[in-house]
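Have a look at the structure below before the remarks.
Naming: A, B, ... by sequence-line order, numbering from 1 per chain. Hydrogens, waters and symmetry mates are skipped; everything else that's a heavy atom, side chains included, is used.
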Amino acid sequence: MTEQKTETALSSDPTEVRRQKLDQLRKTIGDVYPAHFHRTLTNAEFAEKYAGLEPDQESEDIVTVAGRVYSSRNSGMFMDIHDASGKIQIFSHKDTTPEEARALLPMIDLGDIIGVKGQVRRTKRGELTINAHEITMLTKTLLPMPEKYHGLADIELRYRKRHLDILTNEDSKLRFQQRSKIVSGIRRFMEGEGFLEVETPMLQTIYGGATADPFKTFHNTLKMDMYLRIAPELYLKRTLVSGLSDKVFEINRNFRNEGVSTRHNPEFTMMECYWAYADYEDIMGLVERLFEGLAVSIHGTPDVTFGDKQISFKGPFKRVPMPDAVKDVTGIDFLAIKTDEEARAAAKAAGFEVEKDWTWGECLAFIFEEKVEGTLIQPSHVTHFPKDISPFAKEVPGEPRLVERFETYCNAWEVGNAFSELNDPEEQRRRMVEQLEQAHARGEKDKQLDDEFLDAIDQGMPPAGGLGIGVDRLIMLLTNAPSIRDVILFPARRNKAD
RNA sequence: GAGAGCGUAGCUCAGCCGGUAGAGCAACUGACUUUUAAUCAGUAGGUCAUGGGUUCGAAUCCCAUCGCUCUCACCA
């Protein structure tokens with residue numbers, strides 16, 4: 001005997017057998033990917049509409065639904081089909097389903113997308129079900145579904161083949177639905193506060209507004225280097241100068257050519273806003289209203305579980321000046337230290353390794369990051385940052401080494417950064433030139449002074465509070481996601497040939 | 001960039017003090033037919049990430065490469 005297959009025998013290779021079934025279907029029913037099919041309700045609408053149907057009861061109603069086949073029992077007599085909203089059980093029995101429809105059953109594989117028209121009932125066991133009268137093949141699949149019980153567990157495949165992850169992992173699906181809800185919630189909140197959404201360049205000729213390595217590209221027709229933005233800050237401030245609105249915001253991607261980690265993706269979503277005639281304390285209130293409102297909208301309460309921690313987004317958040325926080329933890333009173341040299345000596349005496357050229361402010365910020373940041377689990381505003389590391393913030397009156405800046409920390413992560421925005425044109429120019437010199441000293445030779453921005457500030461920017469929110473991290477906190485890759489649909493990966 | 005760990009069937013995982021590859025799900029053939037991770041019997045499916053090395057013999061030990069994960073560094 002040869003190993004040749006007979007006419008009817010199908011291959012046991014899962015993808016090959018699907019191709020064979022597809023060929024057979026093309027011969028018997030024609031169009032396997034029909035363009036027109038309309039359901040009368042979604043699976044969730046179906047479940048809601050017939051929630052009152054008692055077990056072992058039938059409805060007179062005939063409905064049309066559609067979905068992907070997730071489960072098949074008793075040789076296809078029972079099938080579960082899922083659409084994005086939920087699942088429905090389909091029943092095909094010789095007493096209720098015409099021969100023509102049942103003939104399709106052997107051709108249906110797990111993962112195929114079908115449409116079903118039939119009568120509504122609830123089974124004796126309480127499962128809402130449709131007695132199929134017509135079954136329509138809407139999409140024949142060529143690849144098998146991942147294992148039905150465990151779903152797709154391989155972390156690499158979950159990121160590379162996100163469609164399979166969401167198709168089989170309910171928690172992943174929910175998380176991305178929540179992401180969408182959070183982003184639109186931010187937008188609604190900001191609009192409700194009177195902010196106008198604007199869009200500023202992501203492709204920039206001069207990058208600025210933050211300290212980070214950019215992605216560099218080239219515009220062929222203009223014949224010039226361009227950069228993907230590391231921050232929208234300078235353009236949003238130019239918008240504020242314009243008087244288009246006293247309150248502007250933008251939700252969009254920033255790109256930073258730096259390390260990748262569970263909290264860093266090279267492209268990430270930032271919400272940045274500027275509020276004229278407000279200051280950084282007004283912004284603190286804005287952050288608190290935003291965070292608390294989002295937590296409540298997702299969880300129904302400001303109290304959120306993250307891993308083994310309980311986090312309360314109930315405002316107002318704890319507020320602590322950075323020098324006080326450092327003093328509390330290490331005993332070092334930076335406000336009493338006068339010079340950079342003394343600051344380095346004090347840090348060294350406390351066991352910190354400091355660089356020779358560090359300033360007072362750099363020492364303070366370093367010790368804060370080493371000793372305090374990790375303790376900030378509950379949402380907290382850390383205020384009074386050193387001026388040397390804050391080129392866009394106004395001085396604290398009477399304390400020229402500190403600025404009106406705060407960062408909001410939660411679960412030891414920076415999730416927000418805000419200032420009373422510097423609008424003194426001469427001071428702004430001085431600080432940006434200083435930053436530029438430092439950048440060049442570090443070998444960052446692409447960094448340029450943004451004269452168009454400075455020119456706009458010369459025109460007069462109203463006093464304003466500004467804020468940046470790391471949207472992905474906020475979503476992680478609100479959806480209990482341990483990695484930023486769990487909240488970004490298609491996180492950055494190395495290329496890999498399949 | 002550094003360190004640690006992982007990579008076995010389409011999917012979820014065993015096997016790893018060296019002796020030539022296993023289960024469940026999915027698939028196929030059939031049985032059964034009001035099931036709920038349906039059940040029962042049978043069949044097929046693997047260059048054990050890739051390339052070298054040690055050995056009579058390597059999924060297993062060693063080296064390199066690729067990919068991933070975690071930690072650290074970088075990231076105001």
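Taking atom C1' on both nucleotides, B:A21 is separated from B:U60 by 12 Å, rounded to a whole Å. Between B:G5 and B:U47, the distance separating the two P atoms is 28 Å to the nearest Å. Across the C1' atoms, B:U20 and B:C56 are found 13 Å apart, a figure rounded to whole Å. B:U50 and B:C68 have their C1' atoms separated by 15 Å, given to the nearest Å. Between B:A26 and B:A37, the distance separating the two C1' atoms is 12 Å to the nearest Å. As rounded to the nearest Å, B:U54 and B:G46 have P atoms that lie 30 Å from one another. When the P atom is compared between B:A2 and B:A14, the two are found 30 Å apart, to the nearest whole Å. Across the P atoms, B:A23 and B:A9 are found 14 Å apart, a figure rounded to whole Å.
Nucleotide B:A26 holds its P atom 17 Å from the CG atom of A:Leu164, rounded to whole Å. Rounded to whole Å, atom C1' of B:C68 lies 15 Å from atom NZ of A:Lys161. For A:Phe366 and B:A73, the CZ to P distance is 9 Å, given to the nearest whole Å. With rounding to whole Å, A:Lys21 atom NZ is found 13 Å from B:A26 atom P. Remark: C1' of B:A73 and CD of A:Glu370 are 12 Å apart, rounded to the nearest angstrom. Taking atom CZ on A:Arg73 and atom C1' on B:A31, their separation rounds to 19 Å, with Å as the unit. Atoms CZ (A:Arg158) and P (B:C68) sit 16 Å apart, rounded to a whole Å. The CG atom of A:Asp154 sits 21 Å away from the P atom of B:C25 (whole-angstrom rounding).
Closest contact between the side chain of A:Asn74 and the listed nucleotides B:C25, B:U33, B:C70 involves B:U33. The side chain of A:Pro146 lies closest to B:C11 when the candidates are B:A76, B:U12, B:C11. When the nucleotides B:C68, B:U34, B:U69 are ranked by their closest atom to the side chain of A:Arg121, B:U34 comes out on top. The side chain of A:Ala153 lies closest to B:C13, out of B:C68, B:U36, B:C13. Residue A:Ala210 places its side chain closer to B:A76 than to any other of B:U69, B:A76, B:U34. Distances from the side chain of A:His264 to the nucleotides B:C68, B:A76, B:C75 place B:C75 closest. In the set B:C68, B:U36, B:U12, B:C68 carries the atom at the smallest distance from any side-chain atom of A:Glu156. The side chain of A:Lys148 lies closest to B:A37, out of B:G10, B:C68, B:A37. Which of B:C68, B:C32, B:A37 sits closest to the side chain of A:Tyr149 comes down to B:A37. In the set B:U71, B:U12, B:U33, B:U33 carries the atom at the smallest distance from any side-chain atom of A:Ser75.
Judged purely by distance below 3.5 Å, without hydrogens or angles, the side chains of A:Thr141 and A:Arg68 never pair a donor atom with an acceptor atom. No donor-acceptor contact under 3.5 angstrom links the side chains of A:Asp340 and A:Thr359, judged on distance only. Between A:Thr200 and A:Glu250, the side chains place a donor N or O and an acceptor N or O closer than 3.5 Å (distance only, hydrogens not considered).
The aromatic rings of A:Trp360 and A:Phe334 sit perpendicular, their planes meeting at an angle over 60°, well past the 30° parallel limit.
Within the structure, every side-chain polar atom (N or O) of A:Arg122 is placed at least 4.0 Å from both OP1 and OP2 of B:U36. Phosphate proximity of B:A38 to A:Ser71: present, with a side-chain N or O under 4.0 Å from OP1 or OP2. In this structure, A:Arg494 reaches the B:C68 phosphate: one of its side-chain N or O atoms is under 4.0 Å from OP1 or OP2. One finds no side-chain N or O of A:Lys124 lying less than 4.0 angstrom from the OP1 or OP2 phosphate oxygen of B:U34.
The partner of B:A59, taking Watson-Crick or G-U wobble pairs whose two distances both stay under 3.5 Å, does not exist in any strand shown. When both distances must be under 3.5 Å, the Watson-Crick or G-U wobble mate of B:U69 is B:A4. Base pairing analysis places B:U43 opposite B:A27; the two distances defining the Watson-Crick or G-U wobble pair are each below 3.5 Å. Pairing partner, B:U20: none, since no Watson-Crick or wobble contact has both distances short of 3.5 Å. If you check B:A64 for Watson-Crick or wobble pairing at under 3.5 angstrom, you find it paired to B:U50.
Position along RNA chain B of the nearest nucleotide to A:Glu127 versus A:Leu152 favours A:Leu152 as the more 5'-ward residue. Place A:Ala492 and A:Gln435 on RNA chain B by their nearest nucleotides, and A:Ala492 ends up nearer the 5' end.
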Should A:Phe215 and A:Tyr227 be marked as a ring pair (Phe, Tyr, Trp, His ring centres under 6.0 Å) after you check the CA-CA gap, both sets of side-chain angles, and the distance that decides it?
-> CA-CA 6 Å; A:Phe215 287 92; A:Tyr227 303 89; over 10 Å; no
Ring pair (Phe, Tyr, Trp, His ring centres under 6.0 Å) between A:Phe317 and A:Phe406, worked out = CA-CA 12 Å; A:Phe317 301 164; A:Phe406 72 89; 9.7 Å; no
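A:Tyr159 comes within 4.0 angstrom of sugar-phosphate atoms only, judged by non-hydrogen atoms across all strands, and of no base. A:Glu362 comes within contact range of no nucleotide atom at all, as no heavy-atom separation falls under 4.0 Å. Among the atoms of the strands shown, only primed sugar atoms or phosphate atoms (P, OP1, OP2) are found under 4.0 Å from some heavy atom of A:Arg493. Residue contacts for A:Gly209: at a heavy-atom cut-off of 4.0 Å it reaches a base atom on one of the strands shown.
The pair A:Asp472-A:Arg179 meets the salt-bridge criterion, since a charged nitrogen lies less than 4.0 angstrom from a carboxylate oxygen.
Shortest non-hydrogen contact noted between A:Lys371 and A:Val329 is CB-CG1, 3.9 Å.
The only member of A:Lys394, A:Lys237, A:Arg405 that meets salt bridge (charged side-chain N to carboxylate O under 4.0 Å, His left out) when paired with A:Glu421 is A:Lys237.
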